[in-house]
Amino acid sequence: MIILNVVGARPNFVKISPLLREMRRHAAIVPLLVHTGQHYDDAMSDRFFAQLEIPAPDYNLGVGSGSHAVQTAEVMRRLEPLLIEARPDLVLVVGDVNSTVAAAITAVKLGIPVAHVEAGLRSFDRSMPEEINRVLTDAISDLLFVTEETARENLLREGVAGDTIHFAGNVMADALLASRPRWQASRIVEQTGLVPGRYAVLTLHRPANVDDPAVLDEVLAALQELGRHLPVVFPVHPRVRPRLSIPEAAPGADRGLLCLPPLGYLDFIALMSRARLVLTDSGGIQEETTMLGVPCLTLRDTTERPVTVSHGTNRVIGTRPRTIVDEGLRILDESPRAVAPPPLWDGCAAHRIVRTLLDEHLAGRTRARTQRAHV
Ligand code: UD1
């Protein structure tokens, strides 16, 4: 069974790592890896491949940065001839980035079945590019692997056939658990001069929060106020870097923010694992803080990952400056509480997914479904 896996951006790399490791354990599977090149530099890509022990891609499409239409179109244009040549039995995509939807469309139009890992998540906010990518990818995928029960409910409501949906757990949790000894060995907290349990971590990169300088300034002002109570460490995403007046790696004590360059996977998980709290607008970090048992404040109005609120450590608080400061201070007053990970976030998601892929392939089910759709 030839499975062609497509990744493009930083969160994809984390998700594909346990899946490729599992696929390589099965002699019946030939896993191919395509990197679209959506993220391309050392900090956003190469370092993740090395730290997550992902083999070098078989193909790199080199699409780079661009508008949404350009990025999506370039992935489609460059992937199509490759799929025609490699003729995989299945294309596997993860997450919700532009590369995900582009690869899914290209494959189904060639009659190649698509498996989507991390299907069914919905913020119900169509102003988010990722929400469009999720809805479209799920609508055309043949196998949908969900991380939480709400995702299955969302898919059923959208008319997806129940027998194509599989509750497999969370491959982000697999990656975090598998690499635990290595991130526990990281010295990033000491190297940055921080005291374990006495700092906050901030990440921001959503267009809604960072593209409008007025919104970004307001949010950062609130975080500077919080920074008067405990240092706020801010590894800066390249999307935000040109919009920031604070220099990287400068303590910026008066502003309460310690800006760092983007960190590798192991250092970043280590930094979060020993933080007092994490503030973020990322999707994956809501899940990782839940796994780590670290309080998380999500600086958005919605989450597509409600299990991190019902079972985890997450609170969705929006971006009003007063609320950010008040909620941050509230966490400092609370004693940390233990949480159990959500159902099936147990380190075995990749195993369940690959088992299902093999079973479906052997039963000839995925192929049959796709061909029916093309009649
Ligand atoms: C993308 C994903 C988002 C994901 C995020 C993780 C989409 C629509 N968005 O957003 O879901 O959470 O990745 O990081 O797919 N850049 C670099 N080096 C790189 C890559 C990008 O400097 O290796 C810079 C470029 O200036 C680029 C900007 O970062 O314009 C944004 O990159 P892009 O891939 O367009 O979107 P992200 O904001 O990273």
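FYI, the numbering just counts along the sequence from 1. Model, not experiment: these values are computed from the prediction. Numbering of ligands and ligand atoms starts at 1, following listing order.
Residues passing the side chain to side chain contact (heavy atoms under 4.5 Å, CB included) test with Ala173 are Asn170, Met291, Trp345, sequence neighbours excluded. By the ring-ring contact (aromatic ring centres under 6.0 Å, His included) test, His237 pairs with His205, sequence neighbours left out.
Among residues at least two apart or in separate chains, ring pair (Phe, Tyr, Trp, His ring centres under 6.0 Å) pairs with a member in residues 40-88 are Phe13-Phe49, His35-Phe49.
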What does the contact table look like for ligand 1 (nitrogen or oxygen on each side, cut-off under 3.5 Å)?
residue: ligand 1; atom: 11 (O); partner: Glu130; partner atom: OE2; Å: 2.7
residue: ligand 1; atom: 12 (O); partner: His205; partner atom: NE2; Å: 2.9
residue: ligand 1; atom: 13 (O); partner: His39; partner atom: NE2; Å: 3.4
residue: ligand 1; atom: 14 (O); partner: His237; partner atom: NE2; Å: 2.9
residue: ligand 1; atom: 15 (O); partner: Gln38; partner atom: NE2; Å: 2.9
residue: ligand 1; atom: 15 (O); partner: Asn98; partner atom: N; Å: 2.8
residue: ligand 1; atom: 18 (N); partner: Asp41; partner atom: OD2; Å: 2.8
residue: ligand 1; atom: 23 (O); partner: Tyr40; partner atom: N; Å: 2.8
residue: ligand 1; atom: 23 (O); partner: Asp41; partner atom: N; Å: 3.1
residue: ligand 1; atom: 23 (O); partner: Asp41; partner atom: OD1; Å: 3.3
residue: ligand 1; atom: 34 (O); partner: Gln38; partner atom: NE2; Å: 3.2
residue: ligand 1; atom: 34 (O); partner: His39; partner atom: NE2; Å: 3.1
residue: ligand 1; atom: 38 (O); partner: Arg239; partner atom: NH1; Å: 3.1
residue: ligand 1; atom: 39 (O); partner: His39; partner atom: NE2; Å: 2.8
residue: ligand 1; atom: 39 (O); partner: His237; partner atom: NE2; Å: 3.1

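In summary, Glu74 and Arg78 engage in a salt bridge, as defined by a charged side-chain N under 4.0 Å from a carboxylate O. Taking 4.0 Å as the cut-off between side-chain N and carboxylate O, Arg134 and Asp138 do not count as a salt-bridged pair.
When all heavy atoms of Thr289 and Cys296 are compared, the closest pair comes out as OG1-CB, 3.3 Å.
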